[in-house]
Every structure is written in structure tokens, then in C-alpha cells.
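Every heavy atom of this structure was used, including side-chain atoms; hydrogens, water molecules and symmetry mates were not. Keep in mind that this is a model prediction, so the values were computed, not measured.
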Amino acid sequence: MSDIQKKNAGEAAAAYIEPGMVVGLGTGSTAAWFVKALAARNLEGLRCVPTSERTADLARELGLTLSTLEDTPRLDVTVDGADEIGPDLALIKGGGAALLREKLVWEASSRCLCIADAAKVVPTLGAFRLPIEVVAFGHKTTAARINAVLAAHDIGEATVRQADRGLVRTDGGNLIYDAAPGIIANPVQLAADLKAITGVVEHGLFLGLTTLAIVGQDEGVEILEG
């Protein structure tokens with residue numbers, strides 16, 4: 001994991017933003033570099049929709065003007081990181097537990113730019129544990145249904161994410177289950193099967209949403225298109 005690669009990706013993405021745009025701000029360490037680079041450009045008329053409270057705090061501290069999906073239901077572009085970038089720019093996201101808010105902002109955007117360090121590019125999705133956001137009520141019952149779906153896809157069981165202070169909760173108060181690492185042979189079908197489970201709010205498969213990926217290198221960036 002390279003901070004210089006993340007920095008290069010974030011700064012390169014900031015160059016795609018123009019004055020007056022409505023911009024979705026992602027969550028995570030690479031997205032933070034973008035937020036810093038965007039603030040440094042001091043563009044006029046810019047409005048930003050953050051995908052998490054953590055990103056909102058950073059953007060506010062840097063002087064960016066914030067908005068919400070309620071006030072700006074259509075965005076020009078969202079820039080966000082990824083935990084894995086697979087073929088056709090299919091992504092796994094949600095390592096930062098903001099996947100529902102991230103996907104809502106992504107799907108409201110005309111363009112979505114993924115930024116990442118070079119290690120995030122993989123030949124097949126699945127080495128990173130797939131996050132699944134679930135309603136806290138009855139979550140163990142929901143987890144049993146999730147694990148049945150994962151088993152049908154030859155993926156190991158999902159376990160609830162925990163931190164020092166107990167179960168990890170999203171900004172919306174939901175829980176995160178992380179599927180065991182395993183090759184995701186059919187991301188489209190897995191996404192549909194997980195979304196069909198009552199109690200599953202969202203999953204970390206971001207498919208068909210990425211316009212291009214900006215992958216940081218030790219010197220400069222590489223641009224990937226689907």
C-alpha cells in the first residue's frame with residue numbers, strides 16, 4: 001500500500017473537476033487525498049456531496065461547500081476509492097463501512113471516477129473480503145441467508161465486522177458483514193442474489209458504475225477504461 005500512489009491518484013482526479021460542478025466525495029484514505037487536492041484548487045461555484053460523516057468533516061475543515069442528495073439530486077461526477085478493481089472496472093468497495101451512502105451518491109452521478117493505488121488492480125475480484133450492509137434487527141438470521149447464497153457461489157461464510165468498542169455500525173446505524181475471501185466468478189449474479197435477501201441493505205459490488213479508473217503509480221498515474 002503506497003501513500004505516494006494514493007496521493008498521485010487523488011491529485012490527478014482533481015484535475016477532472018471544473019468550476020460550478022456538483023461533486024460526490026468518496027470515503028477512505030485515497031479519497032481523502034482527492035478532497036485535499038480539490039480544496040487546494042479553490043474552484044468557484046463548487047458544491048460537494050460527501051459519502052460519509054468522516055469525509056464531510058474533512059471537506060468542511062478544508063473550506064469546501066457541502067450539499068446533500070436531497071438538495072442536489074443529480075451530480076456531475078463522483079470521485080471515490082476502491083478496495084479492488086477487477087475486469088471491466090468492476091469494483092469491491094465498503095472497506096470503510098460507507099457502501100450504502102457511497103452507492104447512493106455513485107448512482108446519482110453522471111460520471112464516476114475510481115481512484116486507487118496499483119495494488120488494488122486484480123485479475124479477478126474476491127481477494128478482499130466483500131462487505132455486506134445489513135439491518136441490525138435480526139441480523140443473525142439475515143447472516144444465515146447470506147451464507148447460504150455465498151455457499152452457492154463457492155465463497156466462505158460472512159462474519160460480522162467488529163472493532164474495539166463492539167460491532168461496527170455504519171453512519172445509517174446498520175451492521176457490516178464481510179464475506180470470506182474467495183474468487184467471485186459471477187459478480188453480476190452474486191450481486192443480484194445478495195440484494196434479494198430481506199435484511200440486506202446493500203453490498204460492496206459496484207458494477208457498471210465506473211467511468212474510468214485512475215491508478216496511482218510511484219511516478220504519475222495509469223488510466224484504465226472499461
Quiz item: Can you tell me if CZ on Arg74 sees more than 12 non-hydrogen neighbours from other groups inside 6.0 Å?
Solution: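 Yes, CZ of Arg74 has more than 12 neighbouring heavy atoms, counting only those of other groups under 6.0 Å.
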Quiz item: For Ile4, does the CD1 atom sit with more than 12 other heavy atoms under 6.0 Å from it, leaving out its own atoms?
Solution: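 Correct, the count exceeds 12.
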So, taking the atom named [atom1] in [X] and the one named [atom2] in [Y], what distance separates them when rounded to the nearest 0.5 Å?
X      : Y      : atom1 : atom2 : value
Ile183 : Thr124 : CD1   : OG1   : 6.0 Å
Gln5   : Glu219 : CD    : CD    : 11.0 Å
Leu194 : Arg145 : CG    : CZ    : 12.5 Å
Leu175 : Ile132 : CG    : CD1   : 12.5 Å

Quiz item: Side chains of His153 and Asn186: is there a donor and an acceptor less than 3.5 Å apart?
Solution: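 Result is no, nothing qualifies.
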Practice problem: Could you tell me whether the side chains of Arg129 and Thr159 share a donor-acceptor contact shorter than 3.5 Å? | Solution: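 A donor-acceptor contact under 3.5 Å links the two side chains.
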Does the side chain of [X] reach to within under 4.5 Å of the side chain of [Y], using non-hydrogen atoms?
X      : Y      : answer
Phe34  : Ile17  : yes
Pro131 : Ile92  : yes
Leu62  : Val35  : yes
Lys93  : Glu102 : yes
Arg60  : Asp57  : yes
Arg101 : Ser52  : no

Practice problem: For side-chain hydrogen bond (donor to acceptor under 3.5 Å, both in side chains), just list the numbers for Gln217 and Asn8, CA-CA rounded to whole Å, side-chain angles, deciding distance to a tenth of an Å, and then say yes or no. | Solution: CA-CA 7 Å; Gln217 308 292 330; Asn8 288 343; over 6 Å; no
Self-check item: Mutual orientation of the aromatic rings belonging to Trp106 and Phe206 [parallel < 30°, tilted 30-60°, perpendicular > 60°]
Solution: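 Perpendicular.
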Quiz item: Below 4.0 angstrom, N of the basic side chain to O of the carboxylate: do Lys103 and Glu107 qualify?
Solution: no
Quiz prompt | Under 3.5 Å donor-acceptor, Thr210 side chain and Leu212 backbone | solution = no
Quiz item: Are Lys36 and Trp33 in a cation-pi setup, meaning NZ or CZ lies under 6.0 angstrom from the ring centre and within 45 degrees of the ring axis?
Solution: yes
